[in-house]
Amino acid sequence: MLMNPLLDFSGLPRFSAITPEHVTPAVDALLEENRALIARLTEPATKATWEDFVQPLEDANERLGRAWGVVGHLHGVDDSPAIREAYNANLPEVTQYYTELAQNLALYDKFKALAASPRFADLTAAQRRIVANELRDFRLGGAELPSEQKQRFGEIQQELSALSAKFSENLLDATNAYTIVLEREGEVAGIPPDVLQAAREAAEKDGKAGWRFTLHAPSYVPVMQYAGYRPLREQLYRAHVTRASEFGRPEWDNTPLIARELKLRREAARLLGYADYAEVSLVPKMAQSPAEVLAFLEDLAQKALPFARRDWAELCAFAKSDLGLEAPEAWDIAFASEGLRQKRYAFSDQEVKQYFPEHKVLEGMFRVVETIYGIRIEPDSAETWNPDVRFFRIVDPAGPRNGDERAVPLGRFYLDPYARETKRGGAWMDEAISRRRRGDAVQAPVAYLVCNFSRPPSARDAEDATAAPGAKPALLTHDEVITLFHEFGHGLHHLLSRVDYLGVSGIHGVEWDAVELPSQFMENFCWEWDVLRHMTAHVDTGEPLPRALFDKMVAAKNFQSGMQTVRQLEFSLFDMHLHHDFDPDGAKTPLELLEEIRSRVAVAIPPAYNRFPNNFSHIFAGGYCAGYYSYKWAEVLSADAFSLFEENAGGAQGVLDSRTGARFRDEVLAVGGSRPAIESFRAFRGREPRVDALLRHNGMVEVR
């Protein structure tokens, strides 16, 4: 009998061999093995030591995590009906196991015994932190609850997992369901040629004439930004902001899911003895209380609002004078903003995009991290889930060269760059394998980097999009370049870890409001001339980005930064209030709460039919509930961290200073979650974080 590929942990996932039929047998086998192990570990005869107790439990949970991680990954990037069915069928079983684990008093007692034992002092700092985190998580998992409340807590966790998956599926299905085909050239005037080419090929694939547009970002965003035909923008906008709401198919409406999730989260929090879910969420984070987070957000809002109001006034004036719009509507904002930027700075995103072919962007991004971190990135090969996916390895330049059997990589990663109908939207990093020590050997980490860029139009139906004869490369907007750098920052946090213990290796154990530090830090390099000039080549001429155009980009960098900042604060305040002082059983709806927050911090108010909460996946289908503020919180840290590179940019390497990079790698990336994030920041920066660099980087400092 052939081995189930999901149970093969000898190397990388065997994607070509995995089928949906493998999921249930693999999950069943692993859960049975793990439960049998836990029964042995909780026997009185098992010593409460790292070797006898913690290590075997970590080994077992890693196997389950790796197998289920592959299933969850395929659910996100290749969501066929069969894999969706297999995922949803097994999700309750996996959730039940982790709930049992978190509530197992015998396991909890073993960890407490280890923490109280004389041998605890002999453990490494990383091991001691893992034990402390486990004790905390047992409390948050309901281990101390009476049996009846434990059962209810477990039921809540199962239902929340199912609701989260359903929320994401509804949004993907609603996004995929909408298309519009236009046949008159006047209706597509202004839309960039490469977007039109992709739209024409999409229409031809459906056997239709004209241009086919969808709500997926590579199609939707450029239409909103460039389409001169206002009815098209309005139609697409309405469809986009009403996805998964009562305006569409009832079975895809996320409204009842939101209400249910909020009630269940509050009930779970109160079972644990907390007033609200925000308090629970903040226990493992840097921020100490909802009040501290709200004060941080409100203070930043007060600093940003004058700049946001100025941005809005300028946009309204331009819309009236140049576009003949008395007041721009929501579907006009991206279009008018692009027009104002072109008028003020004499360039467009589309012009800049021609200088960012995907292969040059990757070369440039790799050059940055190779220089500052002293590593080398090389192409590698592995089985993948789609022909577009590429694979790379990170090696030590001082070690054996690629191809040498002694060349053990520091880490490896998959890159899945293009949008597909079977792939959820957005961009993310996830782990395939985490670093840990196994005997005398180190298990090298492996990451998934996933984006949703446009495939090269002329290679759209080719088996290999990057090698189609005569194909032009994919072109990235500068915003997409920033997104790629952001996700690679997460990836490097995972891949450059030097921690040997799984529970705090890489991103494991890192406070959620600090986990965005390495990713947002990487974004800063996208605004440096010494970086961009090495990662650009015009798609037709091969010429690098002209310095004059770069200077225009820098001048426009903080264009509407006030509006962008208050928009993020709007989302963060909505999330925190929703999980802190909002009553899910009260008369007020989440949408009404959002409208109240907008009245205080927003400058552009969307139409009444906007249903933003229904597609707010971060907090209803991701890990950011009562944690969306983390983006702004960590942005303070990342801007301040990058300012040290700016201060040390006087040498030959400029901002790519390898000495500063080595410090960042050693004190932030390499230590993962083995110590509190604030200690890592202080060790790198030499002081407490300051907000000054963030305000300066965003142009929100008054020049006198």
Quick one: does [X]'s side chain get under 4.5 Å of [Y]'s, heavy atoms only?
X	Y	result
Val515	Ser630	no
Leu57	Leu101	yes
Val70	Tyr448	yes
Asn614	Arg243	no
Pro590	Phe582	yes
Leu123	Tyr501	no
Arg390	Leu362	yes

Nearest-0.5 Å distance, CZ of residue Phe574 to CG of residue Leu591: 7.5 Å

Any chance you could measure Leu140, atom CG, to Asn133, atom CG, to the nearest 0.5 Å?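 Result: 10.5 Å between the selected atoms.
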
For Asp78, is there an ion pair with Arg420 - N to carboxylate O distance below 4.0 angstrom? no

Are the charged groups of Arg265 and Glu261 less than 4.0 angstrom apart, N to O?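 Counted as a salt bridge, because a side-chain N and a carboxylate O are separated by less than 4.0 Å.
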
[X]: partners by salt bridge (charged side-chain N to carboxylate O under 4.0 Å, His left out), with sequence neighbours left out:
X	answer
Glu43	none
Asp173	Arg84
Asp52	none
Arg437	Asp500

Look only at the side chain of [X] and the backbone of [Y], and say whether a donor-acceptor pair between them is shorter than 3.5 Å.
X	Y	value
Thr242	Gly248	no
Ser161	Gln157	yes
Glu279	Tyr274	no
Glu383	Phe15	yes

Would you name the heavy atoms of [X] and [Y] that are closest together and state the gap between them?
X	Y	value
Ala427	Thr483	CB-CG2, 3.6 Å
Pro417	Asp388	CD-O, 3.8 Å
Lys110	Pro44	NZ-O, 4.1 Å

Partner of Met429 by side chain to side chain contact (heavy atoms under 4.5 Å, CB included), out of Leu495, Val450, Leu492, Ile507: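 Output: one option passes, namely Ile507.
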
For the residue pair [X] and [Y], confirm or rule out a side-chain donor-acceptor distance under 3.5 Å.
X	Y	answer
His580	Asp276	yes
Asn34	Tyr97	yes
Gln55	Asp59	yes
Tyr629	Asp513	yes
Glu421	His216	no
Tyr414	Asp430	no

Please state whether the rings of [X] and [Y] are parallel, tilted or perpendicular, taking 30° and 60° as the class boundaries.
X	Y	result
Phe488	Phe413	tilted
Phe111	Phe138	tilted
Tyr87	Trp68	parallel

Answer with yes or no after comparing the ring centroid distance for His494 and His490 against a 6.0 Å cut-off, counting only values under it.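 Between His494 and His490, the centre distance exceeds or equals 6.0 Å.
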
With sequence neighbours excluded, residues passing ring-ring contact (aromatic ring centres under 6.0 Å, His included) with Phe571: Phe612, Phe616

Which residues pass the ring-ring contact (aromatic ring centres under 6.0 Å, His included) test with Tyr277, sequence neighbours left out?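 Here the qualifying residues are His579.
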
Quick one: do Val94 and Val71 satisfy side-chain contact (heavy atoms from CB on, under 4.5 Å)? Show the steps, please. CA-CA 12 Å; Val94 175; Val71 180; over 6 Å; no

